[in-house]
2 protein chains.
Amino acid sequence: MSRDGRSGTEGVGPEELWLRPGEPRRGRRPSFSREAITAAAVALADAQGLEVVTMRRVAAEVGAGVMSLYSYAPDKDTLLELMVDHVTGELAVTDPPSGDWRADLKTVARLQRAHMLRHPWLPAALLTHRVPGPNTLAFLEHVLAVLRPSRLDGAAKLEVFAQLTAFVTGHVSHEIAQAAVSRSPERTAAEARYLAAVAADGSHPQLAEALSAPRRPLSPDATFTRFLNRLIDGLDTD
Amino acid sequence: MSRDGRSGTEGVGPEELWLRPGEPRRGRRPSFSREAITAAAVALADAQGLEVVTMRRVAAEVGAGVMSLYSYAPDKDTLLELMVDHVTGELAVTDPPSGDWRADLKTVARLQRAHMLRHPWLPAALLTHRVPGPNTLAFLEHVLAVLRPSRLDGAAKLEVFAQLTAFVTGHVSHEIAQAAVSRSPERTAAEARYLAAVAADGSHPQLAEALSAPRRPLSPDATFTRFLNRLIDGLDTD
DNA sequence: TCTATTCCCGTACTACGTACGAGAATAGAG
DNA sequence: CTCTATTCTCGTACGTAGTACGGGAATAGA
């Protein structure tokens with residue numbers, strides 16, 4: 001049996017993964033640690049994107065043989081799960097809620113956005129359902145505390161948390177994709193030429209008109225805040 | 001040179017991919033078609049998820065050799081792009097805008113949600129930036145027409161379109177992930193046990209309280225509508 | 001009929017996730 | 001100290017990806 005509590009034939013359950021620390025006080029001592037491996041994987045993803053996070057690459061980064069990783073996580077998907085919870089640790093908030101839960105919620109959302117922009121692989125990693133690890137639970141706990149003064153019941157609070165995260169994820173995904181294009185003048189120009197060509201042939205009058213406007217910049221930051229305000233200010237009011 | 005206009009060393013640009021039809025009136029006649037290949041890939045993804053959409057599998061489905069696909073799309077990523085635009089064809093709306101642009105916009109969003117639920121691989125495919133193909137452009141054109149009566153300027157209209165899509169994508173991603181868990185009683189039970197254990201140890205009082213509530217169902221449909229209304233009703237008002 | 005062009009696709013290369021199992025290190029029992 | 005059970009390490013190897021390459025088949029105009 002390996003370091004995690006994996007045993008049966010089905011995938012690792014949240015209980016095996018997150019609960020019960022290690023009791024093995026015999027046999028060879030581990031040369032690495034889940035922490036170190038996870039951190040290395042996160043560093044890789046931050047620097048070069050999720051696609052370079054391969055078992056071989058992570059192992060090399062840590063100085064381990066490839067197969068050694070499997071003593072710390074049963075498969076790559078689980079490693080991703082560990083990565084997500086790892087970075088969620090950065091969202092730890094110690095300030096107690098101010099009492100103005102709407103303002104606090106906006107702060108939370110802004111934190112999440114900044115967080116995802118710092119770890120641009122997060123939206124993709126969050127696409128498939130993840131069981132909340134300790135850091136994610138701590139963050140959830142904080143959001144629930146923020147929502148305490150609201151009139152929402154338990155289920156609604158959890159729903160607000162999920163929806164807010166979904167909103168931020170959707171927004172940031174788009175923001176990141178956009179930024180990726182902007183980073184390449186080549187692609188930006190090609191896309192502009194393409195859209196201009198489409199607008200020019202007369203079949204898309206509305207698009208032509210929208211594109212002909214002066215095209216002021218519209219900072220992503222301001223846009224995010226605007227939509228966020230819409231969403232939150234209406235919460236609790238029906 | 002192959003069927004698409006690919007030539008240089010950089011990736012396919014939108015112009016090569018979407019504009020100019022085929023002029024090749026010589027040489028062997030194509031045995032397949034971009035349409036058929038794309039449709040087969042979509043059918044696969046709909047039925048069994050994006051991960052079974054491999055070049056080998058699609059080729060087999062169509063009755064082609066694997067490498068033949070590369071005459072119709074320069075790489076797998078482009079095939080994904082074709083798939084996205086292909087299904088976006090289903091979003092073609094012929095009804096003219098009613099004049100109540102908020103109501104129309106809500107209709108559009110509901111259409112998008114239904115669409116993504118029917119093609120659950122869409123959120124993942126939309127994560128990386130896609131240049132809008134003809135069907136996507138037609139849909140965009142419709143949304144812009146819907147927004148005509150609003151006071152928003154061109155850039156703002158485009159922004160609303162992007163944000164709305166991002167919102168729906170975020171929401172549906174979460175909805176799909178949730179549904180995936182619910183489909184397995186095994187996983188659902190494991191997760192419930194895990195959360196109960198976490199709540200029981202006293203370190204997460206807010207979570208414990210939220211979980212102790214009667215847990216009424218909260219249909220995803222109603223939740224979506226509620227948040228959507230928040231977002232749209234506030235649009236144009238500042 | 002010849003030739004240029006276009007498409008078809010078998011072979012093969014690299015890179016991935018990971019199953020298997022042999023060997024190394026360690027802790028307790030005798 | 002020695003023996004043994006346990007735990008971790010990792011080389012090898014298998015199956016499956018995406019796709020580069022290039023030879024052969026089909027077609028259209030000369």
Spacing between [X] atom [atom1] and [N] atom [atom2], to the nearest angstrom:
{"X": "B:Phe32", "N": "C:dT6", "atom1": "CZ", "atom2": "P", "result": "19 Å"}
{"X": "A:Arg26", "N": "D:dT4", "atom1": "CZ", "atom2": "C1'", "result": "9 Å"}
{"X": "B:Met67", "N": "C:dC9", "atom1": "CE", "atom2": "P", "result": "12 Å"}
{"X": "A:Tyr70", "N": "C:dG21", "atom1": "OH", "atom2": "P", "result": "17 Å"}
{"X": "B:Glu51", "N": "D:dT16", "atom1": "CD", "atom2": "C1'", "result": "14 Å"}
{"X": "B:Arg28", "N": "C:dC7", "atom1": "CZ", "atom2": "P", "result": "10 Å"}
{"X": "B:Arg56", "N": "D:dA17", "atom1": "CZ", "atom2": "P", "result": "6 Å"}
{"X": "A:Met55", "N": "D:dT16", "atom1": "CE", "atom2": "C1'", "result": "17 Å"}

Identified side-chain contact (heavy atoms from CB on, under 4.5 Å) partner of A:Met116 from the options A:Leu111, A:Val87, A:Ile176, A:Leu126: A:Leu126

Measuring only between side-chain heavy atoms, which start at C-beta, is A:Val172 closer than 4.5 Å to A:Gln112? no

Searching all strands shown, indicate the nucleotide that pairs with C:dA4 (Watson-Crick or G-U wobble; both distances under 3.5 Å). D:dT27

Please round to the nearest 0.5 Å and tell me the distance separating atom CZ of B:Arg110 and atom CG of B:Asp221. 8.5 Å

Any A:Ser68 side-chain N or O less than 4.0 Å from OP1/OP2 of D:dC10: yes

Kindly say if A:Ser31 contacts the phosphate of D:dT9, meaning a side-chain N or O under 4.0 Å from OP1 or OP2. yes

Could you tell me how the ring of A:His115 sits relative to the ring of A:His119: parallel (under 30°), tilted (30 to 60°) or perpendicular (over 60°)? perpendicular

If you find the nucleotide of DNA chain C closest to B:Gly27 and the one closest to B:Gly63, which residue's nucleotide is nearer the 5' end? B:Gly27

Describe the nucleic acid contact of A:Ala64 in one word from base, sugar-phosphate, nothing, applying a heavy-atom distance below 4.0 Å. sugar-phosphate

